[in-house]
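Worksheet: one structure, shown below.
The first residue in the sequence is number 1, and the count goes up from there. In this text, all values refer to a predicted model and were calculated from it rather than measured experimentally.
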Amino acid sequence: MAANSEGILLSGIARKLVNDGLLSEAVAKEAIADANKDNMPLLSHLVQKNLVNPLQVATSCSKAFNLPLFDLSQFDLARVDSSLINEELCIKHRFIPILRRENRLFIAVSDPTQTKLLEQIKFQLKLNASPIIVEENKLAKSLEDLSQSTTYNKLGDIEEEKLFSTDDENELANEDNISDIDIDDTPVVRFVNKMILSAISKGASDIHFEPYEKNYRVRFRLDGILSEAASPPIKLAQRFASRLKVMSRLDLSERRLPQDGRFKLNLGNARSVDFRISSCPTLFGEKIVLRILDSNNSTLDFEKLGITEKNKETLLTAIHRPQGMVLVTGPTGSGKTVTLYTCLNILNSPDKNILTVEDPVEINLAGINQVHVNNKAGLTFASALRSFLRQDPDIIMVGEIRDLETAEIAIKSAQTGHMVFSTLHTNSAAETLTRLVNMGVPSFNIATSVSLIVAQRLARRLCTRCKKRIEIPQSALLKVGFKEEEILKAEFFDAVGCDECNNGYKGRIGIYEMLPVTEDIGSLIMNNGNAIEITQAAEAGGFISLRQAGLQIALAGITSLEEIERVTID
């Protein structure tokens, strides 16, 4: 909802856009109020909310102020004299220095009505400034690149031990091994640092360093899809592996067996990012995969996760029960942990004792006691759970139920006055119940302890800037699962791709199916009912499957049918 816009007078870029017919006066006033509330520039807010077209705004400003129009996407920031780049000044006033000629500095701006900007440049840089008009979205991208580049350059001034750190000093490798590798190999160090920082800035969840017979590639997993980020020389493969192993304190001399480790990247401003590293010997060298655990990217909000009002009500009812078990299921990378932490965030209060055991701890949440599994030291899920029961808990979260022992202790906890959250790797909510039976958990214990099962997937969101409307034959829509009344006036969209997204997609949204364990479902479990019978019984009570939930998201224009086909099965 827009902030209060009464009494707002239009001036500057807002007045210009209204006069040019690019924005209505009412929308402009609401946008000013919202931008002030979010503490962001008006033009940035307008472009982010798709209220104006950045190219139209730039063209209009160029003509009105008789200033040149420039395509900033074709400009290489590396060409700028570093002495002209004052990051704080650039970001505060939203400009990019382009070129200096004697005492004049040409700057890229999207809003030429900033009267204080030219004065600030003259005062701080001792240069006269000449504006050049650029599109706001391209300026935002360049400022982001500038910030990343500055952070990257600063890394060279930070001591190695301050930049990277391990969580467990006992895992330090033999110092003799470290001395065997040239850890001051500047090109390799800089390349690895650049890949890590680039992945963080793009919001990647994983980085893959992969050697092949004749080439080497680095890939990022963005929104669940792998894409190639770089292709360095294959001759550097072992040096990349050694560098990454040095950072995570793995055994440099061991190249025949898989190894697992971790390290932390300190980015300053009280921000740090955790990494889990896995090395695996392949035919042509060691493949290294880094899992990025950046809590800054975690959104603990039901609406932003994509949970509908009906599902939200079902979930809230289950988690506010005094005891029981809520299970979240889905493949690796489907957002199970974020869903559980959203629930914990709601329940987190001074009168609750909340304990979690995870491998690894992915999100740090104040007020919750979190335990990291350490199998080498004997700290397993089961042993941590036994300890929890002596810690007077109200709520327990088990990162994953992997074996019968963990399952039995978790179910016992749910039956003795505790609220228990956990995850399983199954394809659907109904299959979770039969999976527990197959693990050896008695049907009676499942029926009397499990309150709710949530199955989920993550689908990529279509980029709101470039998505295009497409026509799909009615017969094809009926075949994929739509009802005839749903598609009479429906509009469907497909991915295109632009400079603000990843192949037409930007961000992800959750798809959920929720199966409350009612008396009827409990009776089926007790009678050893299979997944098909459980699903049929649930559908009689209004159960919506993952497939049906995904189709509704496509119907709303949030994602494409192709994406729903990719992440769900009929």
Side-chain angles (χ1 to χ4, degrees), residues 1-73 75 85-98 105-124 129-148 201 304 463-466 498-501 506-507:
M1 183 178 291
N4 186 6
S5 59
E6 294 181 7
I8 291 178
L9 299 177
L10 298 183
S11 61
I13 193 67
R15 171 55 61 190
K16 175 75 177 59
L17 296 175
V18 171
N19 289 343
D20 288 353
L22 299 177
L23 205 62
S24 70
E25 186 168 339
V27 171
K29 288 183 176 181
E30 284 189 2
I32 291 172
D34 287 339
N36 289 338
K37 180 181 177 182
D38 295 337
N39 194 28
M40 67 186 303
L42 174 62
L43 194 51
S44 300
H45 173 80
L46 291 171
V47 171
Q48 284 188 18
K49 298 297 182 182
N50 293 309
L51 296 174
V52 294
N53 182 300
L55 180 57
Q56 288 182 345
V57 172
T59 303
S60 175
C61 289
S62 174
K63 292 178 180 178
F65 293 91
N66 195 28
L67 294 172
L69 182 63
F70 181 65
D71 184 1
L72 197 56
S73 65
F75 181 70
I85 297 179
N86 182 321
E87 183 190 4
E88 184 179 351
L89 187 65
C90 289
I91 292 175
K92 180 180 178 180
H93 293 287
R94 298 189 67 74
F95 77 93
I96 293 287
I98 299 293
L105 180 65
F106 293 89
I107 59 171
V109 297
S110 59
D111 180 1
T113 65
Q114 304 177 82
T115 54
K116 293 183 179 180
L117 171 58
L118 306 184
E119 298 173 6
Q120 285 290 321
I121 291 176
K122 189 169 185 178
F123 176 74
Q124 292 199 26
S130 294
I132 297 173
I133 303 298
V134 297
E135 297 154 72
E136 165 59 31
N137 57 319
K138 295 179 180 179
L139 176 63
K141 177 67 168 59
S142 292
L143 288 171
E144 181 183 338
D145 291 344
L146 173 65
S147 178
Q148 177 188 333
S201 69
K304 291 180 180 178
C463 174
T464 54
R465 182 187 177 202
C466 67
C498 65
D499 56 2
E500 290 188 2
C501 64
K506 189 175 184 179

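Between I13 and D111, the shortest heavy-atom distance links the atoms CB-OD1, 3.6 Å. Heavy-atom minimum distance, S44 versus E136: OG-OE2, 3.0 Å. Among all heavy-atom pairs drawn from I32 and A14, the shortest one is CD1-CB, 3.9 Å. Closest approach of S110 and E135 over heavy atoms only: CB-C, 4.4 Å. Of all heavy-atom pairs between P68 and S62, the closest is C-OG, 4.0 Å. Shown here for A129 and I107, the closest heavy-atom pair between the two residues is CB-CD1, 4.1 Å.
Residues passing the side chain to side chain contact (heavy atoms under 4.5 Å, CB included) test with F65, sequence neighbours excluded: K16, C61, L67, P112, T113. Remark: R465 pairs with D499 by the side chain to side chain donor-acceptor pair (under 3.5 Å) rule, at least two apart or across chains.
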request  = Kindly determine whether L46 and V57 satisfy side-chain contact (heavy atoms from CB on, under 4.5 Å), including the steps that lead there.
outcome  = CA-CA 11 Å; L46 291 171; V57 172; over 6 Å; no
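The backbone N or O of L22 lies less than 3.5 Å from no partner atom in the side chain of D20, so there is not a single donor-acceptor pair. In terms of modelled atom types and a separation under 3.5 Å, the side chain of T59 and the main chain of L55 share a donor-acceptor contact.
With rounding to the nearest 0.5 angstrom, the NE2 atom of H45 is 6.0 Å from the CG atom of L51. Atom CD1 of I132 sits about 9.5 Å away from atom CG of L72, to the nearest 0.5 Å. Atom NE2 of H93 and atom CG of L143 lie 12.5 Å apart (nearest 0.5 Å). Note: N19 CG to E25 CD = 9.5 Å, rounded to the nearest 0.5 Å.
The only option from L118, I121, I98 that meets the side-chain contact (heavy atoms from CB on, under 4.5 Å) definition with L105 turns out to be I121.
Heavy-atom neighbours of N50 CG from other residues, nucleotides or ligands within 6.0 Å: above the threshold of 12.
D71 places a side-chain heavy atom less than 4.5 Å from the side chain of K138. Between V109 and I133 there is a side-chain heavy-atom pair separated by less than 4.5 Å.
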